[in-house]
K.L.:
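I'd like to ask some things about the structure below.
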Amino acid sequence: MIFGGTRVVLAGPIIAALFGMTACGTEAGEEENPQPLSGAQLSKAALSQGDVAGYTIREASPGSKGGSAGASDESCRPIANALDPEAMAYDGRLVERDIWKTPTGSEAADASYRLMLFSTESTAAAEKAVQDLKKAVSSCGSGFEVTLAGEKYKVRQVLLNKSAFGNESVDFSLEYQMGMKRRYVVVSSGASLSIFSASNQLDNAFIAVPDELVDEQKSKLEGEEG
């Protein structure tokens with residue numbers, strides 16, 4: 001290298017250190033801004049049978065909703081999007097799982113869960129979706145009308161639950177006019193979003209989304225994102 005007309009010879013270790021610093025900076029930037037996972041990567045990252053003891057996990061086909069979720073109040077639209085996230089999925093990258101837990105000694109499942117895992121355009125987009133959802137849950141407590149696949153449903157009330165999954169998550173419950181009760185947990189990880197729903201098949205009561213399902217899903221996602 002030449003500095004002020006003087007040729008300076010850099011020793012091998014110094015050159016290696018300089019290039020090493022550049023490489024580390026690039027890798028750190030990539031880690032901070034992971035790319036959206038492909039459909040194949042999402043399928044690999046999604047919970048599967050055997051991942052969590054005591055649960056039956058099966059691949060499910062996304063419904064033919066066409067990303068048509070709507071809300072009578074525009075401020076509640078993020079909730080509608082969480083119920084039908086196809087419109088939010090980057091390049092249609094969405095996978096779903098049906099999950100059941102059967103009590104010991106019983107043939108009937110007392111709780112069922114649904115996982116919708118999808119890519120967003122970026123980490124910022126995933127984080128914004130969570131923040132928008134938090135605002136919607138706070139402002140739509142008295143209920144609204146939601147449209148899913150062309151069908152309208154009256155949400156009687158929206159409840160914000162205390163989340164055990166950190167700031168990058170939101171835990172809320174919906175009670176529909178016909179009495180159906182369902183609880184949801186939405187978590188962002190990199191450029192991906194995981195949406196879990198939980199319902200009780202026997203007495204139609206609110207039930208929590210199990211920590212072990214959310215934690216295992218987050219761990220698998222982080223492993224795939226590298």
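In this text, all values refer to a predicted model and were calculated from it rather than measured experimentally.
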K.L.:
Is the count of non-hydrogen atoms from other residues, nucleotides or ligands lying under 6.0 Å from Glu121 atom CD greater than 12?
P.N.:
no
K.L.:
Which heavy atom of Gly54 sits nearest a heavy atom of Lys101, and at what distance?
P.N.:
O-CG, 3.6 Å
K.L.:
Let me confirm one number: the CE-CZ distance from Met180 to Arg156, rounded to the nearest 0.5 Å.
P.N.:
11.5 Å
K.L.:
If you take all heavy atoms of Met116 and Ala82, which pair is closest and at what distance?
P.N.:
CE-O, 3.5 Å
K.L.:
Under a single-linkage rule joining Ile, Leu, Val, Met, Phe, Trp and Tyr whose side-chain heavy atoms are separated by less than 4.5 Å, which residues share a cluster with Phe206?
P.N.:
Leu159
K.L.:
If you compare all heavy atoms of Glu225 against all heavy atoms of Ala191, which two are closest, and at what distance to 0.1 Å?
P.N.:
OE2-N, 4.2 Å
K.L.:
Which is it for Cys140 and Ser75 under the side-chain contact (heavy atoms from CB on, under 4.5 Å) test, yes or no, and what are the steps along the way?
P.N.:
CA-CA 8 Å; Cys140 299; Ser75 67; 4.0 Å; yes
K.L.:
What pairs of donor and acceptor atoms, side-chain ones from residues 209-219 against any protein atom, are under 3.5 angstrom apart with sequence neighbours left out?
P.N.:
from   : atom 1 : to    : atom 2 : distance (Å)
Glu212 : OE2    : Tyr55 : OH     : 2.7
Gln217 : OE1    : Leu47 : N      : 3.0
Gln217 : NE2    : Ala45 : O      : 3.0

K.L.:
How about Ser189 and Glu222: do any of their side-chain heavy atoms sit closer than 4.5 Å?
P.N.:
yes
K.L.:
Name every donor-acceptor pair, under 3.5 Å, that has one atom in a side chain of residues 87-95 and the other anywhere in the protein, sequence neighbours excluded.
P.N.:
from  : atom 1 : to    : atom 2 : distance (Å)
Arg93 : NH1    : Pro36 : O      : 3.4
Arg93 : NH1    : Leu37 : O      : 3.3

K.L.:
As a quick check of understanding, evaluate side-chain contact (heavy atoms from CB on, under 4.5 Å) for Val158 and Ser173, giving each step before the final call.
P.N.:
CA-CA 6 Å; Val158 183; Ser173 299; over 6 Å; no
K.L.:
Supply the atom-to-atom distance Met178 CE to Lys154 NZ, rounded to the nearest 0.5 angstrom.
P.N.:
11.5 Å
K.L.:
Who are the ring-ring contact (aromatic ring centres under 6.0 Å, His included) partners of Tyr184, not counting sequence neighbours?
P.N.:
Phe172
K.L.:
Is there a side-chain contact between Ile99 and Thr56 in this structure, where contact means two heavy atoms from C-beta onward sitting under 4.5 Å apart?
P.N.:
no
K.L.:
Just verifying a value: how many Å separate Lys152 NZ and Glu145 CD, rounded to the nearest 0.5 Å?
P.N.:
5.0 Å
K.L.:
Between Ile79 and Leu174, is there a side-chain heavy-atom distance shorter than 4.5 Å?
P.N.:
yes
K.L.:
Please report the interatomic distance OH(Tyr176) to NZ(Lys181), rounded to the nearest 0.5 Å.
P.N.:
13.5 Å
K.L.:
Would you indicate whether the side-chain heavy atoms of Gln49 and Ile57 approach each other to under 4.5 Å?
P.N.:
yes
K.L.:
Is it true that Ser112 and Asp98 share a donor-acceptor pair across their side chains at a distance under 3.5 Å?
P.N.:
no
K.L.:
First locate atom OH of Tyr113, then atom CZ of Arg183, and finally report the distance between them rounded to the nearest 0.5 Å.
P.N.:
10.5 Å
K.L.:
Is there a donor-acceptor contact under 3.5 Å from the side chain of Ser122 to the main chain of Ala125?
P.N.:
yes
K.L.:
Within the structure provided, determine whether Leu221 and Ser194 are in side-chain contact (heavy-atom separation under 4.5 Å).
P.N.:
yes
K.L.:
Between Ala126 and Gly190, what is the shortest heavy-atom contact and its length?
P.N.:
CB-O, 3.5 Å
K.L.:
Looking at residues at least two apart in the chain, or sitting in another chain, which of them share a salt bridge (charged side-chain N to carboxylate O under 4.0 Å, His left out) with Lys134?
P.N.:
none
K.L.:
How many angstroms lie between atom CZ of Arg97 and atom CG of Leu117, to the nearest 0.5 angstrom?
P.N.:
8.0 Å
K.L.:
Taking it one step at a time, do Asp51 and Lys220 satisfy side-chain contact (heavy atoms from CB on, under 4.5 Å)?
P.N.:
CA-CA 10 Å; Asp51 283 341; Lys220 291 193 71 174; 2.8 Å; yes
K.L.:
Let me see the working for Asp171 and Lys162 under salt bridge (Lys or Arg N to Asp or Glu O under 4.0 Å), right down to the final yes or no.
P.N.:
CA-CA 7 Å; Asp171 185 332; Lys162 184 176 181 180; over 6 Å; no
K.L.:
With sequence neighbours left out, write down each residue that passes salt bridge (charged side-chain N to carboxylate O under 4.0 Å, His left out) with Lys128, or none if nothing qualifies.
P.N.:
Asp132
K.L.:
Would you say the side chain of Val187 lies within less than 4.5 Å of the side chain of Phe196, judging by non-hydrogen atoms?
P.N.:
no
